[in-house]
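Everything on this sheet refers to the single structure shown next.
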Amino acid sequence: MKPFPFADYLVFAIFAVAVGLTVGGALIAALSTRIIRGVSGLMISCVGLAGLYYFLNSPFLALMEILIYVGAVCVTIVFGVMLSEPDEPAGEEKRRHARLWSGGALAVSALVFAGVAWLSLHGPWTAPAKLVSDGSVRAVGLSLLTTYSLPFELISAVLLVAILGALVIARSGRTKE
Amino acid sequence: MSLNYAELFRALRPEASLVLGALVALGLDLAVFRRHTLAERLRLALWIGALAVGVAIVHVAYGARGTVFGGVLVFDNLAVLTRLGVLGLALLTLGVTSGARVLRHPAEYVAILLFATTGFTLMAAANQLLLAFLAIELASLSLYILAGYDKSSPASAEAALKYFLFGGMSAAFLLFGFSLIYGLTGSIELPEIAKQLGVAGLNPLVIVALVMILVAFGFKAAAAPFHLWAPDAYQGAPVPSAALIASASKLAGFALFARLLWHGLGPVSGSVATFQGAPGWLPVAAVVALASMLLGNLGALAQSNLRRLLAYSAIAHAGVLLLGVIVAGPRGLGSGVGPLFYYAATYGIATVGAFGVIAVLERADPSGCQNITDLAGLYRRSPLLAGCLAVFILSLAGIPPLAGFFGKFLVFAAALKIGGVAGVAGWLAFIAIGLSGVALYYYLIVLKQALVAKGDASAPPIATPLLPALVLLVCAALLVALGLAPSVVIRLL
């Protein structure tokens, strides 16, 4: 069968879109001063991440990323923003030499990123002899209920603690003395 | 891989009883005791919690041995003893809670404390990266909540926030390190990782992974230079929470740390036998240990707040515990881990006791136990508290015949066996011995206030309730008994 013309370019373009969404969304989330824009940036970044998971042969993870992070986590944050106080105006930058510090932090993190990226590209990764699982819902479900049943159960305990803690800490009653 | 769910359940009966205890405490509180006073609800929840921990202790003592569920969990001597140790420390912490100021939502407090203990017991036995990470996070998440539990105090919120931000960041480091290890070895089981690393040896990516993992554990253990959260967390958190953070979490954390480093990453350990030793994680751990001992002991000198002083002394003790990790492994994690376990367990008992004394003082006078000078005249106001505090502080300082002395002695002796005075470990031991003198100075300042200083003559005597008094006496008795007969513990490993 003759492949679709420009198929490689098409795949690359989709990959580039996914990367762009991830990075762009993250930048919006980190740089915006209004919280609602930050949440939107997080959503965009999560959609991009889902695309990256798809390229890594994990359609199930991609689906879950959209369902849980975009569909549940970000929507919950939006509800939280809606129900709480309106945006406070951005405060004055108090720290002196803030630009200097952030520039230094940026340089250090860029160096670390470059170093780890270079190492990752040249690292002696072990390639599995065969695909461990096809990443399908069936394979993930089977391993969650057999090999990884203990971590799976433990996650439920972690979530229970998180719910308990959220109720106890966030419910009314934190008073200022 | 053979999966035997019945075997898994039998092995996890202690965890099951802890979780069941937490749920029963929550349910009974909701269904029956809603209308009672906070103190009554706390007492009921504490008894349920104590029962659950007691059942768990019995299950651990007569429970499974060997590897379980395809090697996910391993129940060797270290695991079983650490599980018993954290359960015992949790029981003592429950006793401390009964003597502390009563906070709102007492049943939830006990439930979350039991969940944290579940995390500790799993950390003690985890033999797989995924389970180890989840156990750490279950314990950490519970501890963040416990640190922020006092809603009437802004300091408590600050403690929880700082602890949470640092802890969350260290979790990210840990996960990144683990993912690199998985990518390089293709496995998350510690024995398989050790086998693969033994073949591949050290390469730059392994070094990055090691750095990430050491940074993460440095944060969790409050070792310098990753200690910044500790003083605020110890100062602001409710007293029983601080006791748990300082005792059981340290014991479980260092047991897991030793197992992960020696069983999983042992082939890339490097060497500290000489100053020109092979590269690996041992030299890095030695540097972190040195920094912690120096910064903790010197920082403690400047403190006037009792709880901050305990925090800085905890940083110093984390340095000695790291030395214990360094000396644990070369002959395989058999008897070599004895000094580490003994030190961590006895340090935990002494800290729980010290925080127990603070809890009773704070209950008697909510603003009364901030500074060391507030202890003045304690010997007159409550001879019991002053006497117990003296035992705990002297044990922390390492005065014979208390258990703290033998902990230090065992760790330093083991360190000197590695390469003698020519080795990095030996020099670390010498520096630690020297810094013990510094530590003795600030510990004695506390004792001078409690035992000698006159204080306010009109201050009323402090009545210690029965249960906390019992806990304090048990802690003190344990420190004396273990100090007189350290071989009882050492022989078990």
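Lettering follows sequence order; numbering is per chain, from 1.
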#### Entry: Heavy-atom proximity to chain A below 4.5 Å, by part of B/L138
both
#### Entry: Heavy-atom contact with chain A under 4.5 Å, split by part of B/L130
side chain
## Note on the structure
The interface call for B/L114 against chain A, heavy-atom contacts under 4.5 Å, is neither
### B/F176 portion near chain A, given a 4.5 angstrom heavy-atom threshold
side chain
#### Entry: Which portion of B/I207 sits near chain A, non-hydrogen atoms under 4.5 angstrom
neither
### Message
So which residue, B/Y109, B/F133, B/Y144, B/F115, ends up with the most heavy-atom pairs under 4.5 Å with chain A?
### Response
B/F115
### Query
Going by heavy atoms in the side chains, are B/V19 and A/L160 under 4.5 Å from each other?
no
### Query
Which heavy atom in A/C74 sits nearest to a heavy atom in A/L42, and how many Å separate them?
SG-CD2, 3.9 Å
### Query
Is any side-chain heavy atom of B/L190 closer than 4.5 Å to a side-chain heavy atom of B/Q128?
no
#### Entry: Heavy-atom contact with chain B under 4.5 Å, split by part of A/L119
both
### Query
Do A/L61 and A/V140 touch side chain to side chain, with heavy atoms closer than 4.5 Å?
no
### Query
Heavy-atom distance under 4.5 Å to chain A: side chain of B/T185, backbone, both or neither?
backbone
### Task
Let me know if B/L146 has heavy atoms under 4.5 Å from chain A in its side chain, its backbone, both or neither.
neither
### Min side-chain heavy-atom separation B/F178-B/L260 under 4.5 Å
yes
### Task
Check whether any side-chain heavy atom of B/L265 sits under 4.5 Å from a side-chain heavy atom of B/I181, and report yes or no.
yes
### Message
Counting the benzene-type ring for Trp, do B/F69 and B/Y5 have ring centres under 6.0 Å apart?
### Response
yes
